[in-house]
Every structure is written in structure tokens, then in C-alpha cells.
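Read the numbers this way: they start at 1 and go in the same order the structure lists the ligands and their atoms. Computed over heavy atoms, backbone and side chain alike; hydrogens, waters and symmetry mates excluded. If you're wondering where the values come from, they're calculated on a predicted model, not measured in any experiment.
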Amino acid sequence: MTFLPEGKLYIDGQLRDAANGAKYEDISPWTGEVVAYAADASAEDMEEAIAAARRAFDHSDWPTNSDKRLALVHKLAELMKANRQRLVDIAIHETGAAMGAVNMANVDGPLNHFDKLFEIYGTIEWEKAMLDKEVWGSVHRRLLVKEPAGVVGAIIPWNVPLYITVGKVIPALLLGCTVILKPAPDTPLMSTIIGELAAEAGFPAGVLNVVSGKEPALLGEILVTDPRVDVISFTGSTGVGRRIMEIGAPTLKRLFLELGGKSAAIIFEDAPNFAEAVGQSIVCYHAGQGCATITRLLVPESRYDEAVTVLEHAYDAYAQLWGKAEDPTNFMGPLISQRQRDRVMGYIEAGKSEGARLIAGGQIATDKGGGFFIEPTCFVDVTNDMTIAREEIFGPVLVVIPFKDDEDAIRIANDSEYGLSGSVVSGDEARAVRVAKRIRTGTVGVNGGMSMDVDLPFGGYKQSGLGKEWGLEGFEEYLETKVIATRA
Ligand code: NAD
């Protein structure tokens with residue numbers, strides 16, 4: 001049985017246990033068994049981390065010494081790459097990623113993003129002289145200055161923790177902010193290892209702090225309500241995003257929120273590769289636990305029966321292919337936890353009772369081991385008002401909805417409180433782009449176009465979030481803009 005090294009807190013430059021010695025069990029999604037222990041921080045530990053981050057921002061040269069920052073963040077990046085195998089072990093045994101998903105967003109994707117992040121950092125325009133202006137008879141020289149926004153509380157979900165951590169923490173540190181990283185209770189080790197490597201890299205005390213804990217809301221709410229924290233950078237569910245906005249209001253906290261999604265793919269009747277496009281829409285990658293996963297498939301009424309047949313075959317073929325942890329061609333393992341599996345099964349029951357037709361899966365899989373497995377599941381004859389079409393399931397469940405024409409497809413795609421991602425496939429690229437422009441989401445792929453990358457801003461419209469991660473825009477979330485005007 002695999003056992004991973006224990007997760008320690010990293011606070012004010014010290015790797016340590018919780019002050020009261022508390023630890024909690026880290027459970028493997030593959031087996032349901034304990035795979036490690038992690039420090040269970042108390043409110044006092046979080047207080048100490050916030051005080052340390054504040055001190056490091058206000059009283060050290062971190063915000064102003066960019067050579068030092070660059071050297072240390074480079075060192076951290078090197079150490080993370082050198083520890084790839086440990087990150088892979090954590091991604092598999094703690095996050096439940098299958099090897100095919102490890103190679104992508106779970107480990108290698110974020111590690112490969114470092115070089116581009118350093119490059120983007122190099123393009124930041126720290127000072128910009130505006131045109132001189134004459135006001136009331138004198139000339140005013142005006143300068144725009146960018147400055148680090150301060151102490152950042154980074155709150156992370158469990159689905160792709162390393163990817164999200166790199167997207168938040170590396171830009172914030174490079175820009176001179178200090179950071180308190182709070183992992184999700186289910187995936188503490190993917191953050192505590194970063195504390196360990198920052199200590200090894202020789203980070204100054206308080207610049208980066210990592211505070212794990214068992215209780216989902218306790219530590220995060222302290223971060224959100226503490227006036228010493230300037231920015232909350234949150235990725236997680238829309239419900240918790242709302243709560244953060246509410247409790248962040250008294251300190252007018254600057255909020256960056258990456259939230260849930262219910263993204264739609266529109267496949268038009270003229271798609272030259274119609275069957276291939278439909279077949280590739282099955283939701284299997286990382287067991288559907290991706291915020292930008294396309295989970296509503298919109299197909300034309302004129303080719304609806306054909307699409308259903310294609311999906312029946314695609315799911316049939318996939319039934320034997322998933323669930324093996326070490327197979328590099330496999331993208332799908334278990335769900336993160338018993339709680340998440342119960343939640344997804346609740347949605348499957350809702351789909352059945354509201355009249356959708358199940359053509360694949362729908363059961364807990366019992367032949368993959370003792371973990372939290374659900375079969376790849378597909379509902380057809382779905383209408384967009386059903387619960388399974390409206391709410392984010394965050395599991396391996398695809399819903400298929402027929403549409404009449406372009407306007408109907410756009411209407412259904414946009415009839416959602418979410419607005420994160422989407423895709424359009426058509427033999428007529430101009431038509432597809434026209435439709436993509438009318439979809440109210442932050443990213444849209446056209447004819448297989450990859451709309452998410454390290455140099456592209458990612459973030460939602462509507463209730464999928466506020467602000468952008470990645471790209472230059474992802475850096476700007478951690479900057480303030482100051483105007484200095486001098487009368488010449
Ligand atoms: P979650 O909202 O339950 O938890 C996210 C984080 O917030 C965890 O660290 C949790 O401990 C913390 N938290 C919980 N309650 C809190 C509170 N009251 N105050 C402060 N922090 C609190 O989300 P999850 O279940 O961990 O992750 C799945 C969700 O994340 C999905 O909705 C998914 O769409 C979303 N997500 C979004 C993106 C994106 O980029 N838009 C990416 C990945 C995941």
C-alpha cells in the first residue's frame with residue numbers, strides 16, 4: 001500500500017506541525033484508505049501566517065527587490081521540476097488523477113508553464129509616462145506606477161490543485177506580493193510540498209505560507225475577513241464564491257473568483273466530422289472534475305438519433321478503458337471523496353426522476369477497487385430546465401440536449417447561470433465564430449481550437465467568476481495602479 005510523507009505547515013519560514021499538534025487523515029480516492037497525514041491547522045496557526053505575510057510585505061524588501069524574487073522563484077520552479085515524481089505520486093494517490101490526467105493539468109501542464117510565466121513577468125510595464133498636461137497655466141508630468149497589491153490569500157480547490165496553485169501563487173510572488181496558500185481539505189499535500197520546497201529554496205520568512213486544515217470553511221473565512229489580507233484569490237464553487245463576497249464585504253476585500261461552470265458544446269449539422277466530434281464529447285477526463293469541462297452537448301434535431309447512436313457506441317467502447325491508475329492512456333479514475341460520489345449519485349437520481357433517458361453508466365462502479373468510482377454516464381432527451389442541465393455536477397456525467405437552429409442553440413447555451421467555457425463545431429468556420437461570439441462565456445473553442453493556455457486569460461462570465469487567471473491579465477490581478485503627478 002502506498003504511503004506519502006506527512007504534510008507540514010509552512011509559517012513564517014518554519015516547517016512545522018499545527019501548534020496544538022493536530023493532524024488529519026488524507027484519503028486515497030482509489031482505495032478509500034488513509035494515504036498520508038497532514039497538519040490540521042487551528043485559527044491560531046492561520047493568525048500567525050497572516051501576521052507573518054503582513055510583516056514580510058510591510059517590512060522586508062520582497063515587494064521592491066525584483067532580482068531577489070526572480071532568483072528565488074526560479075529556484076522554486078527548479079525544485080518543483082526536480083521533484084516531479086513526488087508531485088506525480090501526490091496527484092495519483094491524493095487527488096485521484098489517472099496517469100493520462102497526470103501528464104496534463106495535474107502535474108506536467110503546470111510544470112511546463114513556468115517558463116512562459118517568467119516571460120510574461122518580463123513584459124510587465126511597471127511605470128508608464130502619460131503625456132504631460134497643462135492645467136491652470138502649469139504643466140503636470142503624470143506617471144502611472146504598478147505596485148504589488150499586498151498580502152494574498154490563495155484558496156484552492158481539490159480537482160487540479162497544482163495547476164491552480166501555480167496559476168495564482170507564482171504570479172503573486174513574482175510581482176512582490178506575499179502569500180498565504182490554503183489548500184482544500186482533501187488535497188493538503190499538493191500544497192504542503194510547495195511549502196517544503198520554498199523552505200529548501202531559501203525563501204525569506206513570511207513571503208509564502210502554507211496552512212492546511214481539515215475543516216473546509218474555518219481557515220478560509222479567517223483569510224477572507226482579516227483586514228491584513230489585501231486580496232483573496234479563490235478558485236472553487238459558486239456557492240462558496242458568493243459566501244466569500246458576502247463576508248469579504250466589511251473589509252472591502254479585493255476579490256478574484258474563479259468559480260463553477262456548466263459549459264455547452266454546440267455541434268452543428270454541417271460538421272464534416274460529426275460522428276467524431278460527438279464521440280469525443282464523452283465526459284471522462286479526470287472523472288469530469290474540471291470546471292471548464294463541457295458537460296452539456298447540444299446537437300441538431302436533424303441528426304439527433306445519429307448522435308445518440310454514436311454516443312452509445314462511444315460509451316460502450318470506453319467502459320473497459322477507464323479506472324487504471326498507472327495506464328498513461330487512461331484519463332479517468334475515481335471521484336475525490338465519498339461525499340462527492342454521493343453528490344454525483346444524487347444528480348444521477350435527479351436525472352432519472354425528472355425524465356431524462358440514461359444511455360450509459362449511472363451506477364457506482366464496484367470492479368475498480370475500494371475507492372469512489374462512478375461509471376461514465378450519459379443522459380439523452382434532456383431539456384435545459386432539468387436539474388442535471390442547470391447545476392454543476394462535477395462528475396463523469398454528460399447531458400445531451402437537441403436544438404432546432406442556430407438561434408435555439410445559442411439560446412440554450414446561454415440559458416445558464418454559469419459562463420465559463422464552451423465549444424462550437426461547424427463545417428462553416430465563419431458561422432461557428434459568429435456563434436462563438438454570442439456565447440456568454442470566458443473561453444470558446446471553435447472546431448477543436450484550444451482556448452486555454454498559460455498565455456491566455458481564463459475566467460468566467462456571469463456566476464462563473466470575477467477576474468482572470470493566466471496570461472498578462474492573470475498577473476494584473478495582483479497589481480495596484482498608482483498615479484504620481486508632478487507639477488513641472
Ligand atoms: P469549494 O468551493 O467547496 O472549496 C474550494 C476551497 O474553498 C477549499 O479550499 C475550501 O476549503 C474553501 N472553502 C470552503 N468554504 C469556505 C468559506 N466559507 N470561506 C472560505 N473558503 C472556503 O470547491 P471544491 O469542491 O474544492 O472544488 C470544486 C469547485 O471548484 C467546482 O465548483 C469547480 O467548478 C470549481 N473550480 C473552478 C475553477 C475555475 O478556474 N473556474 C477551477 C477548478 C475548480
- prompt: Using 30° and 60° as the class limits, which term best fits the ring planes of Phe203 and Trp62: parallel, tilted or perpendicular?
  reply: tilted
message: Which of the numbered atoms in ligand 1 are under 4.0 angstrom from any heavy atom belonging to Pro183?
response: 9 (O)
- prompt: Given Thr235, Asp186, Leu181, which one has a non-hydrogen atom that is nearest to atom 5 (C) of ligand 1?
  reply: Thr235
- prompt: With respect to atom 44 (C) of ligand 1, which of Ile336, Asn159, Val160 exhibits the smallest heavy-atom separation?
  reply: Asn159
field: Distance, nearest 0.5 Å, that separates CG of Leu257 from CD of Glu477
entry: 9.5 Å
field: Side-chain touch Val34/Asp26, heavy atoms, less than 4.5 angstrom
entry: no
task: Identify which of Thr293, Leu223, Leu257, Leu259 has a heavy atom lying nearest to atom 37 (C) of ligand 1.
output: Leu259
- prompt: Of all the non-hydrogen atoms in the protein, which one sits nearest to atom 28 (C) of ligand 1, and at what distance?
  reply: Phe394 CE2, 3.5 Å
message: If you apply the rule salt bridge (Lys or Arg N to Asp or Glu O under 4.0 Å), what do you find for Glu326 with Lys324, and how did you get there?
response: CA-CA 6 Å; Glu326 308 293 341; Lys324 297 177 207 105; over 6 Å; no
- prompt: So, do Glu349 and Lys352 sit near enough that their side-chain heavy atoms are less than 4.5 Å apart?
  reply: yes
message: If you take the nearest heavy atom of each of Ser237, Pro216, Gly261, which one is closest to atom 1 (P) of ligand 1?
response: Ser237
statement: For Ala184, the atoms of ligand 1 under 4.0 Å from one of its heavy atoms are 8 (C), 9 (O)
query: Going by the atom numbers of ligand 1, which of them fall below 4.0 Å from some non-hydrogen atom of Gly220?
result: 20 (C), 21 (N)
- prompt: Hey, which atoms in ligand 1 end up nearer than 4.0 Å to a heavy atom of Leu420?
  reply: 41 (N)
Nearest atoms (heavy-atom pairs only) where Ala41 meets Leu218: O-CD2, 4.5 Å
- prompt: Could an N or O of ligand 1 be found under 3.5 Å from any N or O of Thr238, whether backbone or side chain?
  reply: no
query: Is the closest side-chain donor-acceptor distance between Asn384 and Arg296 under 3.5 Å?
result: yes
- prompt: ligand 1 and Ile156, any nitrogen or oxygen pair closer than 3.5 angstrom?
  reply: yes
- line: A student checking ligand 1 against Cys291 at a 4.0 Å heavy-atom cut-off should list atoms 34 (O), 36 (N), 37 (C), 38 (C), 39 (C), 40 (O), 41 (N), 42 (C), 43 (C), 44 (C)
message: Quick test: of every protein heavy atom, which one is nearest to atom 25 (O) of ligand 1, and how far off is it to 0.1 Å?
response: Trp158 NE1, 2.9 Å
message: Under 4.0 Å from a heavy atom of Arg243: which atoms of ligand 1 are those, numbered in the order shown and with their elements?
response: 18 (N)
- line: Candidates Gly236, Pro157, Gly260, Pro185; heavy atom nearest atom 35 (C) of ligand 1 found on Gly236
query: Would the number of heavy atoms belonging to other residues, nucleotides or ligands and lying under 6.0 Å from CZ of Arg228 be above 12?
result: yes
- request: Run the numbers for me: atoms of ligand 1, each under 4.0 Å from some heavy atom of Glu392, listed by number.
  value: 31 (C), 32 (O), 33 (C), 34 (O)
- request: Go through Lys81 and Asp108 one step at a time and tell me if the salt bridge (Lys or Arg N to Asp or Glu O under 4.0 Å) criterion holds.
  value: CA-CA 9 Å; Lys81 288 179 184 171; Asp108 292 317; over 6 Å; no
Residue selection (non-hydrogen contact nearest atom 18 (N) of ligand 1) among Lys182, Glu221, Arg242, Lys214: Glu221
message: Contact between Leu72 and Pro204 at the side-chain level, heavy atoms closer than 4.5 Å - yes or no?
response: yes
message: Is the distance between the ring centroids of Trp470 and Tyr163 under 6.0 Å?
response: yes
- prompt: Nearest to atom 16 (C) of ligand 1, what protein heavy atom do you find, and at what distance?
  reply: Val240 CG1, 3.4 Å
- request: Within a distance under 4.0 Å of any heavy atom of Ile164, pick out the atoms of ligand 1 and give their elements.
  value: 42 (C), 43 (C)
query: How far apart are the closest heavy atoms of Leu335 and Gly395, and which atoms are they?
result: CD2-CA, 3.9 Å
